[in-house]
Amino acid sequence: YLWQQRRDKRYPQGAPLTIEIGSLPEGKLLAVDWAGKSVWVLRRSPQELVTLASNEAQLLDPQSEKSLQPPACRNSNRSIRPDVFVAIGVCTHQGCIPVLQSGQGFACPCHASRYDLAGRVFKGGPAPANLVIPAYRFADENRLVVGES
Ligand code: FES
């Protein structure tokens, strides 16, 4: 139902943009401007995916029921492909830009909300929802297109 709220102002809309990810190494965050926001692409390692699975009890919305993402990303990795995480790099509290903490997640510098490497928010901070995930698809193994599903 949330996905149908496509006019939600938190949900950025923009012309499709192709992002090359072939040379993106594990653990490196790529940030690309799109629709007036910063779109993040992070390649996660197998170990980081194992860590994700152990977070659930500490998360506010582990199944992403109250968070915005395309249907194909409503899974525990919040992604189409497990190794590639795509999200809007904006804290769901008041819009600051969280910072990658390598191997662990993202921390917001403004009021200390924390997210895991699937953009799922931890309990205990003021952010009310997981990071927003935009529509995207893979054109091929090394290119994704943001703004299209
Ligand atoms: Fe991120 Fe407040 S804006 S915690």
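Computed from a prediction, not measured in an experiment: that's the story for all the values here. Note that ligands are numbered from 1 as they come in the structure, with each ligand's atoms numbered from 1 the same way. The first residue in the sequence is number 1, and the count goes up from there.
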Backbone N or O of Gln47 within a donor-acceptor pair of the Thr51 side chain at under 3.5 Å? yes

Cys91/Cys108 sulfur atoms closer than 2.5 Å: no

Under the 3.5 angstrom rule, does the side chain of Arg120 hit a backbone N or O of Gln63 as a donor-acceptor pair? no

Between Arg43 and Asp83, is there a side-chain N and carboxylate O pair less than 4.0 Å apart? yes

Could you tell me the separation between the OG atom of Ser76 and the CG atom of Leu49, rounded to the nearest 0.5 Å? 9.0 Å

Can you tell me how far apart CG (Asn130) and CD (Gln69) are? Round to the nearest 0.5 Å. 7.0 Å

Checked atom 1 (Fe) of ligand 1: protein N, O or S atoms closer than 2.8 Å come out as Cys91 SG, Cys108 SG

